[in-house]
Protein chains: 2
Amino acid sequence: MAYTYKYPRPALTVDCIIFGLDKKDLKVLLIRRGIEPYIKKWALPGGFVNMDEGLEAAALRKLEDETGVKDVFIEQLFTFGSVDRDPRGRIVSIAYFALVNLNEHPVHASADADDAAWFGIDELPELAFDHKEIMETAIKRLRGKVVYQPIGFELLPSKFTLTQLQQLYEIVLGVEINKRNFRTKILKMDILEQLERQENVPHRPAYLYQFNEKKYNEFLDKGFLFEIGGIIKKDSK
Amino acid sequence: MAYTYKYPRPALTVDCIIFGLDKKDLKVLLIRRGIEPYIKKWALPGGFVNMDEGLEAAALRKLEDETGVKDVFIEQLFTFGSVDRDPRGRIVSIAYFALVNLNEHPVHASADADDAAWFGIDELPELAFDHKEIMETAIKRLRGKVVYQPIGFELLPSKFTLTQLQQLYEIVLGVEINKRNFRTKILKMDILEQLERQENVPHRPAYLYQFNEKKYNEFLDKGFLFEIGGIIKKDSK
DNA sequence: ACAAAAGTGTTGTTCCTACACCCATGA
DNA sequence: TCATGGGTGTAGGAACAACACTTTTGT
């Protein structure tokens with residue numbers, strides 16, 4: 001069966017950048033391509049959009065098909081459409097990015113992918129197509145976004161300690177943050193809910209917190225701005 | 001002539017949201033459609049992407065073809081791809097938004113458009129397709145962006161007074177700002193260059209300023225954050 | 001008792017906010 | 001001399017930045 005149109009049409013794909021937080025590193029999920037072009041190269045999970053599905057649905061479908069990751073927060077990043085970005089012809093790709101708690105999302109390669117694995121953001125292999133450029137755009141967006149929107153919580157378990165939250169910012173932004181000031185500021189925002197304490201840790205147990213999205217949305221309506229930019233040490237470059 | 005593919009493909013279009021600043025209002029440029037569907041309805045300028053042109057190039061081409069506006073700062077906004085957003089079939093559209101100084105960009109309808117005109121953001125006519133949704137996304141993005149990135153300058157002439165700049169923020173954000181505090185803050189950023197004074201105004205002539213992009217980029221590299229959010233009156237809702 | 005991480009007190013400084021006032025120009 | 005915006009001084013309070021210290025747990 002074939003499909004005929006009066007004018008030529010680019011093909012349409014989606015690609016996913018999945019960020020995950022490991023103890024000390026920001027990581028990203030890649031697949032090893034099982035088909036040409038760029039066979040055996042590492043690439044972003046993604047593929048062609050079906051005619052009867054929305055763009056975000058396509059991204060979620062390909063993500064699950066190729067890596068087994070599902071039920072994640074995803075957000076449109078950017079659409080890449082350079083004329084020569086794909087050797088197969090004119091292919092326009094809509095990139096999505098997601099943040100997941102790495103430990104809660106088991107990964108297993110399948111379908112078109114030979115393999116799927118997490119890579120540290122500073123230890124990326126050579127990537128297929130223009131995926132390096134897409135990745136750079138995603139990292140920049142993540143860094144820009146994390147300071148004025150509380151999206152970082154997606155990278156942590158639903159219950160987390162303030163130290164974990166602080167480390168998240170330190171890892172994502174690559175800076176050091178003063179413990180005292182971080183705590184004062186984040187707690188004064190009043191968007192975290194204090195829960196029980198940790199158990200069985202070989203030191204004073206920390207309180208666990210969870211993000212109170214309802215409260216955050218109420219603040220949003222009042223024009224409140226999430227902002228942790230100021231906390232960064234002045235001498236970090 | 002016809003084009004045949006093994007799998008079906010959505011058609012690909014671009015749409016442009018052009019914001020312009022009039023004395024007291026934020027306006028947007030619309031065209032009146034000369035062809036079906038939605039003939040005679042107001043819509044965003046836009047159209048199909050050619051196979052041999054980039055996405056941004058397509059947006060700029062359609063913008064000039066349909067409205068005569070050229071040489072503008074444009075930026076990708078979002079890609080809209082609901083299955084049923086266009087009655088002609090599956091059409092995915094990449095939306096771009098631009099900021100222009102309304103007075104420096106003459107508008108004249110042509111090609112597929114019956115007419116082109118500026119509309120106040122609060123006096124929009126009924127729009128074709130899902131263009132209302134696109135417009136809302138664009139306004140939200142503009143408001144969000146203007147407070148932490150110095151893009152607002154694009155809406156003004158290259159030389160402007162501080163009062164004009166302040167009014168820009170007041171209009172875009174729909175808030176009142178204290179004159180004294182606005183000036184202190186914006187000048188302390190040290191990204192404006194003071195020029196000569198105004199002439200022939202029936203009051204004390206103001207100094208003209210221009211945005212120093214080079215200096216701004218230097219600050220960016222050092223991790224400096226543009227931020228005018230704090231200036232907004234606390235009691236504005 | 002010690003290691004390790006949690007959590008708090010405090011101080012000097014900078015920045016924010018709100019208000020009031022003076023200045024320069026054309027009509 | 002008046003109307004109209006342009007431009008500045010300042011004081012009280014809030015927020016920030018930096019540092020040192022105390023607390024609580026398991027071993």
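On a predicted model such as this, the values are computed, not experimentally measured, just so you know. Proteins get letters first, then strands, A, B, ... in listed order; numbering begins at 1 in each.
- To the nearest angstrom, C1' of D:dG6 lies 9 Å from CD of B:Q198.
- Among C:dC16, C:dG26, D:dG7, the nucleotide with an atom closest to any side-chain atom of B:K185 is C:dC16.
- In this structure, B:I186 atom CD1 and D:dT8 atom P are separated by 15 Å, rounded to whole Å.
- A:V72 and A:A98 get closest at one heavy-atom pair: CG2-CB, 4.3 Å.
- Salt-bridge annotation for B:E126 and B:K132: absent, with no side-chain N of the basic residue lying under 4.0 Å from a carboxylate O of the acidic one.
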For nucleotides 8-11 of chain C, print each protein N/O atom paired with a nucleotide N/O atom at under 3.5 Å, atom names and distance only.
from	atom 1	to	atom 2	distance (Å)
C:dG9	N7	A:R180	NE	3.0
C:dG9	N7	A:R180	NH2	2.9
C:dG9	O6	A:R180	NE	3.0

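- No side-chain donor-acceptor contact under 3.5 Å links B:T161 and B:R197.
- Taking atom CD on A:Q194 and atom C1' on C:dA6, their separation rounds to 12 Å, with Å as the unit.
- Interface residues of residues 154-164 of chain A facing DNA chain C, ordered by number: A:T163; criterion, heavy-atom separation under 4.0 Å.
- Put simply, CD on B:E199 is 11 Å from P on C:dT25, counting in whole angstrom units.
- Formation of a donor-acceptor pair under 3.5 Å by the B:E170 side chain with backbone atoms of B:I177 is found in this model.
- Atom-to-atom, CZ of B:R197 to C1' of C:dG26 comes out at 15 Å; the value is rounded to the nearest Å.
- Checked against D:dC16, C:dC19, D:dG26, the side chain of A:P202 finds its nearest nucleotide in D:dG26.
- Checked against the 6.0 Å centroid threshold, B:F211 and B:F160 do not count as a close aromatic pair.
- Across the protein-nucleic acid pair, A:Y207 atom OH and C:dG7 atom P stand 8 Å apart, rounded to whole Å.
- Along DNA chain D, the nucleotide nearest to B:A206 and the one nearest to A:N200 differ in position, and the one closer to the 5' end is contacted by B:A206.
- For A:E213, the CD atom counts as loosely surrounded, since its 6.0 Å shell holds 12 or fewer non-hydrogen atoms of other residues, nucleotides or ligands.
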Determine, stepwise, if the pair A:Y207 / A:Q194 fulfils side-chain hydrogen bond (donor to acceptor under 3.5 Å, both in side chains).
CA-CA 7 Å; A:Y207 282 103; A:Q194 196 180 64; 4.9 Å; no

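- Look at B:E193 and B:K215 and you find no salt bridge, because none of the NZ, NE, NH1 or NH2 atoms lies under 4.0 Å from a carboxylate O.
- Following rounding to the nearest Å, B:N178 (CG) and C:dC21 (P) show an atom-to-atom distance of 15 Å.
- In this structure, A:H131 and A:F129 have tilted ring planes: the angle between them lies in the 30° to 60° band.
- For the pair B:E176 CD and C:dT17 P, the computed distance is 15 Å after rounding to whole Å.
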